[in-house]
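Handing you a structure now.
FYI, side chains are in, hydrogens and waters are out, and symmetry mates aren't considered; it's all heavy atoms of this structure. Since the model is a prediction, treat every value here as computed from it, not as a measurement.
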Amino acid sequence: MLDAALHYAALGYPVFPCWPGTKDPMTAHGFKDASIDPERIHAWWSRCPTANVAVATEGLLVVDIDGAANLWPADDRDLTEALDSTPLSITPRGGRHHFFLQPEGAGVRNSAGKLAPNVDVRADGGYAVLAPSCVGGKTYRYVEGRALDIPRDRLPIAPNRLVELARAKKPRARIKRAGSPPKAGSDLKIGDAIPEGERNSTLASLAGSMRRRGKDQVQIEESLREVNRLRCQPPLEDSEVLEISESICRYPPGPENTRTTPGEGSSTDLPQIVLDPKEHAVADEMVVALSKDPDLFQRGNVLVRTLREGTKGQDVERSGNSLRIAQVPRAHLRERMTKWATIMKLNRAGELVPAHPSGWLVQAVEARGAWPGIRELVAVSDTPFLRPDGSVCQAEGYDDTTRVLYRPSVTFPEVPAHATIEDARYALEEIRDAVCDFRFEAPEHLATWVASMLTVLARQAIFGPTPIFLVDANVRAAGKGLLLHVSGQILLGHDMPVSSYSNDNEEMRKKITSIAVAGDQIVLLDNIDTKFGNGAIDRAATGTRWKDRLLGTNDQADLPLTTVWFATGNNVSVAADTARRVLPIRLDVLEERPEERTGFKYADLTAYVRQNRPRLLVALLTMLRAYACAGFPQRVVRPYGSYEGWSNLVRQCVMWLGMADPCQGRDRLVLFSDTTAESLARLIDAWGEYDSIGNGIVFTSLVNDLYPPDRSQQPMDAPAVAMRAALEQLVGTPPGKSPTARQVGNKVSHFRRRVSGGRFLDFNPNEHNRGGAVWRLHNAPSAADATLRLRDSG
């Protein structure tokens, strides 16, 4: 994507990045940050190489035609010819983008549906996504020979007729639905018919809407009579229309959409919603009313609120001051409806009277899955945090850029806006000093601990997942718990939320679902005393969304998952598939009774951290801000697959500060975790001795020879004994117990052509034997041989 962005910029098109797979800008001010500066573009895409490319359309006129079947303007020859002369991009949904340059001084603004239904304009004040960006798994592409390869000042100029159409005022439909009140005296000839059974409620809804807009009884009655005459089937008696208008006009008039904080004024300040059979329209009105609620959000496909409370005896234990997200219970949603709207219904006498939210209304709003106007909540934060553009969010409240709610429990000092590397190094020394009494096994383990702290504060700036941080030690009482206590106190002001780890994949999945709903910033998997790793934790550690059934319901949730995972144990054994997802922070205390150590710099470290928490947290943010101010410089490092976003920001920041590579400790963890590699190496060594002349081995014959029915006849020479031991370790059978030929074949097939010690096992599919495939040991070609073979084939 970087090459494409630089190409557009060189042609004079100001570009900016959008989040990968979406049309949402990554920059703080959206298209207003667009640039043709190569250095700035390099900085954006070095942080997120897969970011989509968008162009600010100021001075351009991009005709956006939705849908492959949309033939506009097939009946206008001049416009068709003009569109045929432009660069043409096909959108992921099959629509078309035609690119023009505006005539000088045209001043065309964005518009939707003004040219024709489903035909929009992207111009001043807007932007367009460009090829080869990808949205929804599909890419933007240019029609052959019509790519946007033309310099900006040489684009075809939009014809005057198109400019005039784009600048014309869009006519308003007089009536959009049954609930839209007409103007008094208008010649009403369009609109849905109002059937018998809906006439009173619809007219009452119209009257209520007009009353809220300040209309008097004469105006309301005149409009109702007109609607009744033209749309009610059959029309009501004039006396009934009069009763409706009189009933509504008992309430004082007021401006429509007036909102006050509940408790500051009467219920007439709130929008009035009349329960009637047009349930979709009533639900629409309720969603609009709820959109004014500052404490209601949508997350994934559920309505949520925030809580600051502890939880005990559940999947995750949280301290009493923990900030978390919770799904809105149905009863609470019903309560909020009455807080933000006045709900009315018609009684048997045809009078509007106050009403409770009906069950169908609560369920209809809850089940929508998307609520226009209600803010999306990705996460909550107790502390200032880093945004994707490198700025620090320090203003309390909802951050529109990241869709994170920042609600601090204490006051933090300001993070320097123009932090330098000297500021960052001084800040690093403050952090090092706080943990100076911990005995990290090697410099990279201290670097990984610093990286774990930065990861939490930079989580909203990291594209993609983050690794699991495993705090391990060689002995009990080495200080793991205290180190994590220090981390929690600095990052949260209290201990980390704690969950137990389960080897059972289904049980762990349920725990992660609970954590995804709560939106925990951090979760500690405490005291792991079994092998660490299963499918659920692996999926959570390599994804940024979590899809699962909500506990106790049949509803499927699709939620953001931005939790930073910590784990702890002593000499933890990590499963091979999980090891690559884990960065170890290892403490090494070579004392028989480590709990009796004395002579610490900070005798009461907890008290020191609590007293200095704001300063220590701002020190961490200063490191990140200084790295951003320096332009996110990148060192050449080994790639960290699946965690490129984390590596490009946190890992590079730690190394920029002069610390060791946080990924350095991972090699040892992977080595000790990959027990299958050890089993393969042992098998290959035994195979070389057992079949030293390379005749090949058929597994049926091998098992029969090594494990004859009469065990006293077992071959006891060294190659046979070594081969038996290697097979038993590979298959996992108890020592001396015979594996089956099928078990051996399945295991060895898994390692086919996997090189260990310069050798590998393979079979020739063209060589047949009654007992099965014939397997042989081969020497792997050297790098020089491989290079020579490539040259020969070229």
* To do: Show your reasoning for whether side-chain contact (heavy atoms from CB on, under 4.5 Å) applies to Val637 and Arg651.
  => CA-CA 10 Å; Val637 294; Arg651 180 187 185 188; 3.7 Å; yes
* Asked: How long is the gap from OG on Ser85 to CZ on Phe100, to the nearest 0.5 Å?
  -> 5.5 Å
* **Test side-chain contact (heavy atoms from CB on, under 4.5 Å) applied to Pro92 and Arg141, Lys138, Lys23, the passing residue** => Lys138
* With distance as the sole test, does Lys547 use its side chain to make a donor-acceptor pair with the main-chain N or O of Asp558 at under 3.5 Å? -> no
* **Short N-O contact, Arg387 and Asp399, less than 4.0 angstrom** => yes
* CG (Asn160) with more than 12 external heavy atoms under 6.0 Å -> no
* Calculate, to the nearest 0.5 Å, the distance between atoms CG and CZ belonging to Asp64 and Phe99 respectively. => 9.0 Å
* **For Leu61 against Ala158, the heavy-atom pair lying closest together** => CD1-CB, 4.1 Å
* To do: Please check if any side-chain donor atom of His7 sits under 3.5 Å from a side-chain acceptor atom of Asp149, or the reverse.
  => yes
* Asked: Can you name the closest pair of heavy atoms from Pro465 and Tyr643 and give their distance?
  -> O-CD2, 3.5 Å
* Between Pro294 and Arg375, is any pair of side-chain heavy atoms under 4.5 Å apart? -> yes
* Asked: Has the side chain of Arg299 got a donor or acceptor atom that lies under 3.5 Å from a matching backbone atom of Val378?
  -> yes
* Asked: Taking 4.0 angstrom as the limit, do Glu226 and Arg229 come out as a salt bridge?
  -> yes
* To do: Answer whether the closest heavy-atom distance between the side chains of Met286 and Leu361 falls below 4.5 Å.
  => yes
* More than 12 heavy atoms of other groups within 6.0 Å of Ile36 CD1 -> no
* Structure fact -> Between the CD atom in Glu366 and the CH2 atom in Trp371, the distance rounded to the nearest 0.5 Å is 8.0 Å
* Kindly assign one of parallel, tilted or perpendicular to the pair Trp19 and Phe463, based on the angle between their ring planes and the thresholds 30° and 60°. => tilted
* **Shortest non-hydrogen contact between Ile325 and Gly519, atoms and distance** => CD1-CA, 4.1 Å
* To do: Could you walk me through whether Asp66 and Arg96 pass the salt bridge (charged side-chain N to carboxylate O under 4.0 Å, His left out) test, one step at a time?
  => CA-CA 7 Å; Asp66 287 342; Arg96 290 160 284 163; over 6 Å; no
* **Centroid-centroid under 6.0 Å between Tyr127 and Phe16 rings** => yes
* Asked: Any sub-3.5 Å donor-acceptor pair from Glu376's side-chain atoms to Gln298's backbone N or O?
  -> no
* Asked: Between Asp295 and Thr306, is a side-chain contact (heavy atoms from CB on, under 4.5 Å) present by the stated rule, with each step listed?
  -> CA-CA 7 Å; Asp295 299 319; Thr306 62; 5.8 Å; no
* **Flag, side chain of Thr27 to backbone of Gly30, donor-acceptor distance under 3.5 Å** => yes
* To do: Give a yes or no answer on whether the side chain of Asn52 reaches the backbone of Cys134 with a donor-acceptor pair at less than 3.5 Å.
  => yes
* To do: Kindly check if the number of other-residue, nucleotide or ligand heavy atoms within 6.0 Å of CZ (Arg545) is above 12?
  => yes
* To do: For residues Ile150 and Leu11, determine if any side-chain heavy atom of one lies less than 4.5 Å from a side-chain heavy atom of the other.
  => no
* Between Arg336 and Asp293, is there a salt bridge with N-O shorter than 4.0 Å? -> yes
* To do: Considering non-hydrogen atoms only, spot the tightest contact between Ala166 and Ser111 and give its length.
  => O-OG, 4.4 Å
* Non-hydrogen side-chain atoms of Pro49 and Asn648 separated by less than 4.5 Å -> yes
* **Check: Ser223 side chain, Ile220 main-chain N or O, donor-acceptor pair, under 3.5 Å** => no
* To do: Indicate the atoms forming the closest heavy-atom contact of Cys48 with Pro20, along with that distance.
  => SG-CG, 3.5 Å
* To do: State whether the side chain of Tyr8 and the backbone N or O of Val53 hold a donor-acceptor pair below 3.5 Å, judged by distance alone.
  => no
* Taking the side chain as every heavy atom from C-beta outward, state whether Leu377 and Val304 have any pair of such atoms under 4.5 Å apart. => yes
* Asked: With a 4.5 Å heavy-atom cut-off, do Ile41 and Leu2 have their side chains touching?
  -> yes
* To do: Over all heavy atoms of both residues, which pair between Pro103 and Val163 is shortest? Give the atoms and the distance, please.
  => CD-CG2, 3.7 Å
* Can you tell me how far the CG atom of Leu386 sits from the OG1 atom of Thr455, to the nearest 0.5 Å? -> 11.5 Å
* Considering only heavy atoms from C-beta outward, does the side chain of Pro38 approach that of Leu6 to under 4.5 Å? -> yes
* Just do the side-chain contact (heavy atoms from CB on, under 4.5 Å) check on Val564 and Trp646 with the steps written out, would you? => CA-CA 11 Å; Val564 178; Trp646 176 87; over 6 Å; no
* Answer yes or no: is there a side-chain heavy-atom contact under 4.5 Å between Phe632 and Gln652? => no
* Donor-acceptor contact below 3.5 Å, side chain Arg146 vs main chain His98 -> no
* Indicate yes or no for a side-chain donor-acceptor contact from Thr139 to the backbone of Ser133 under 3.5 Å, with no hydrogens or angles considered. => no
* Asked: How are the rings of Tyr140 and His97 set relative to one another: parallel (under 30°), tilted (30 to 60°) or perpendicular (over 60°)?
  -> tilted
* For the pair Glu279 and Trp360, evaluate side-chain contact (heavy atoms from CB on, under 4.5 Å) and give the outcome as yes or no after the intermediate values. => CA-CA 8 Å; Glu279 296 183 6; Trp360 64 259; 3.5 Å; yes
* **Whether Arg403 side chain and Ala379 backbone form a donor-acceptor pair below 3.5 Å** => no
* To do: First locate atom CZ of Arg368, then atom CD of Gln363, and finally report the distance between them rounded to the nearest 0.5 Å.
  => 13.5 Å
* To do: Show your working on side chain to side chain donor-acceptor pair (under 3.5 Å) between Ser391 and Asp389 and close with a plain yes or no.
  => CA-CA 6 Å; Ser391 63; Asp389 65 351; 2.7 Å; yes
* Compute both the distance and the angle, then confirm whether Arg539 meets the cation-pi test with Trp546: under 6.0 Å from the six-membered ring centre, within 45 degrees of the axis. => yes
* Can you measure from CG (Leu155) to CD (Gln102) and round to the nearest 0.5 angstrom? => 11.5 Å
